[in-house]
Number of protein chains: 2
Amino acid sequence: MSTAPRTVSTTRKPKEEVADVSSEAGGTEYLETLLGYNASRAAHTLVSHFIRGVGSFDLRTVDFSVLSVIGHWPGVTSRQLCQQLNVLPPNMVVLLRDLDKRGLIERQPHPTDRRAVGLLLSTSGKALMKKAEKAASAADLLGSTRLSSAERKNLVRLLQKIYISAA
Amino acid sequence: MSTAPRTVSTTRKPKEEVADVSSEAGGTEYLETLLGYNASRAAHTLVSHFIRGVGSFDLRTVDFSVLSVIGHWPGVTSRQLCQQLNVLPPNMVVLLRDLDKRGLIERQPHPTDRRAVGLLLSTSGKALMKKAEKAASAADLLGSTRLSSAERKNLVRLLQKIYISAA
DNA sequence: TATTGTTATACTCTATAACTATA
DNA sequence: TATAGTTATAGAGTATAACAATA
């Protein structure tokens, strides 16, 4: 159930090779019946578009997600980010350290819990994310140009039906 | 654009914290507008179900995919698998070596190209995949129980519209 | 000159154990 | 006793360079 590119083998010749029994889909005909395979491949395509569009801001998907959540939930703690974005605490530490080094986020004492630290976007972090979210949205649309607006909306709904309230 | 679990922070209290301005979605409201984010999360959910259902066969998604393609395209070469499943040749080598060690695949000389090796499922590989594909299909359905049959079909169609003929 | 399969290796990502300060 | 943040490190996954055999 790996993702795959759309590059198709150039060396295959339609009829003369030994094993060309069921190669219309290049052997993936079963895999293509699985939602997991299809969702993984679509996600891979969309993430590729994301990287092309947002990579110039020097943000990986996980950096972008973290900054987006902080931006939309100012004061969020590291632990809450971990839960929301499925990142383990030790890995979040280095991630936040790097974003802090770049001056994109600020840390403030948590109002009620002295163990915790509230996270905020800095002024430059806000400016960056304003541009980055615009670029991300454009890249996301570019990755789904073959979908109508209604299809896109429907796709979001169906995908959320899978991951909301599920593991 | 990372994936996320559905575990929601337990420490947040609705009104008394500093930054509870826009936390209905836990800060992910923008991310949820992106197909890439939604597809990644849905894929993560479905792959989790896959692992629960197929992991007992000691097959990762990539092993399963490779075996499935070999099964449905007997005689396929390592290079063709790489292209079809987005795995780099050096990594495919160790993957195939392990599957070979386990007796799940066999290698035969390629009929026309003496550099290449054709891959086949062994008898036990076929037997394993018969059970594993059944388990994978069941797990995939389990991961999408909230979808009707029509919705599922539609979802596959929409996802393929994204990754077919796209990068 | 290009391609298949391969080795060796580096790099990134993800996961685990354990510590401190605080709840 | 449990949790937030952290350190150090191990392990898995992914990527690059280079080689021999063959096209």
Side-chain angles (χ1 to χ4, degrees), chain A residues 1-5 7 9-13 17 40 44 47-48 51 55 58-66 70 75-101 105 107-119, chain B residues 1-5 7-13 16-17 40 44 47-48 51 55 58-66 70 75-101 105 107-119:
Chain A
M1 245 164 57
S2 317
T3 56
T7 323
S9 166
T10 53
T11 56
R12 275 173 56 215
K13 289 145 205 152
E17 291 190 6
S40 295
H44 180 262
V47 169
S48 295
I51 291 170
D58 198 19
L59 296 175
R60 299 167 301 167
T61 55
V62 66
D63 302 315
F64 178 85
S65 297
V66 163
I70 295 175
V76 64
T77 69
S78 173
R79 213 72 181 196
Q80 290 166 329
L81 280 174
C82 286
Q83 289 163 164
Q84 210 64 340
L85 297 173
N86 200 28
V87 175
L88 292 170
N91 301 326
M92 184 62 77
V93 169
V94 307
L95 201 161
L96 291 175
R97 181 189 300 151
D98 290 346
L99 295 176
D100 200 358
K101 276 182 191 164
I105 61 171
R107 314 190 194 217
Q108 65 180 11
H110 192 280
T112 61
D113 188 339
R114 277 189 298 164
R115 295 170 304 179
V117 180
L119 299 165
Chain B
M1 246 164 55
S2 316
T3 55
T7 325
V8 158
S9 165
T10 53
T11 55
R12 275 172 57 215
K13 288 143 204 153
E16 69 194 33
E17 292 191 4
S40 295
H44 180 261
V47 168
S48 295
I51 291 170
D58 196 21
L59 295 175
R60 299 167 302 166
T61 55
V62 66
D63 300 316
F64 177 85
S65 296
V66 162
I70 295 175
V76 64
T77 69
S78 172
R79 213 72 181 197
Q80 289 166 329
L81 281 174
C82 287
Q83 289 162 165
Q84 209 63 341
L85 296 173
N86 200 28
V87 174
L88 291 170
N91 301 325
M92 185 61 78
V93 169
V94 307
L95 200 161
L96 292 174
R97 181 189 300 151
D98 291 346
L99 294 176
D100 200 358
K101 276 181 191 164
I105 60 172
R107 314 189 195 216
Q108 66 180 10
H110 192 280
T112 62
D113 187 339
R114 279 188 297 163
R115 294 170 305 180
V117 181
L119 299 165

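On a predicted model such as this, the values are computed, not experimentally measured, just so you know. Throughout, protein chains are lettered first and strands after them, A, B, ... in sequence-line order, and every chain is numbered starting at 1. Atom set for the values below is all heavy atoms of this structure, side chains included, hydrogens, waters and symmetry mates excluded.
Scored by the salt bridge (Lys or Arg N to Asp or Glu O under 4.0 Å) test, B:R114 finds no partners at all (sequence neighbours excluded). When the side chain to side chain donor-acceptor pair (under 3.5 Å) test is applied to A:D113, the partners found at least two apart in sequence or on another chain are A:R115. When the side-chain contact (heavy atoms from CB on, under 4.5 Å) test is applied to A:I51, the partners found at least two apart in sequence or on another chain are A:V47.
Side-chain N/O atoms of B:R97 include none lying less than 4.0 angstrom from OP1 or OP2 on C:dT6.
Looking at every heavy atom in both residues, B:Q80 comes nearest to B:T77 through OE1-N, 2.9 Å. Heavy atoms only, all atoms of each residue included: A:M92 and A:C82 are closest at CB-SG, 3.5 Å. Here the closest heavy-atom approach between residue B:V94 and residue B:N91 is recorded as CG2-O, 3.2 Å.
A:L96 has its CG atom 8 Å from the P atom of D:dT6, to the nearest Å. Counting to the nearest Å, the C1' atom of C:dC11 and the CG atom of B:N91 are 12 Å from each other. The distance from atom CG of B:L99 to atom P of C:dG5 is 15 Å, rounded to the nearest whole Å. Between the CG atom of A:L119 and the P atom of D:dG5 there is a distance of 8 Å, given to the nearest Å. Between the NE2 atom of A:H44 and the P atom of D:dG13 there is a distance of 16 Å, given to the nearest Å. What separates CG of A:L95 from P of D:dT7 is a distance of 14 Å, to the nearest Å. The distance between atom CG of A:D63 and atom P of C:dT14, rounded to the nearest whole Å, is 11 Å. Atom-to-atom, NE2 of A:H110 to P of D:dA4 comes out at 10 Å; the value is rounded to the nearest Å.
Distances from the side chain of B:L88 to the nucleotides D:dA15, C:dG5, D:dG5 place D:dA15 closest.
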Could you walk me through whether A:L96 and A:L119 satisfy the side-chain contact (heavy atoms from CB on, under 4.5 Å) test, starting with their C-alpha distance in whole Å, then the side-chain angles of each, then the deciding distance to 0.1 Å, before giving a yes or no? CA-CA 9 Å; A:L96 291 175; A:L119 299 165; 3.8 Å; yes

Got a list of protein N/O to nucleotides 18-23 of chain C N/O distances below 3.5 Å?
{"unit_1": "C:dA23", "atom_1": "OP1", "unit_2": "A:R114", "atom_2": "N", "d": "2.9"}
{"unit_1": "C:dA23", "atom_1": "OP2", "unit_2": "A:R114", "atom_2": "NH2", "d": "3.2"}

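Within the structure, salt bridge (charged side-chain N to carboxylate O under 4.0 Å, His left out) pairs that include any residue of residues 83-101 of chain B comprise B:D100-B:R107 (at least two apart or interchain).
Side-chain contact between A:V117 and A:Q108: absent, with no pair of heavy atoms (C-beta onward) separated by less than 4.5 Å.
An angle of 10°, rounded to 10°, separates the two end axes of the helix from C:dT1-D:dA23 to C:dA23-D:dT1, each defined over five pairs.
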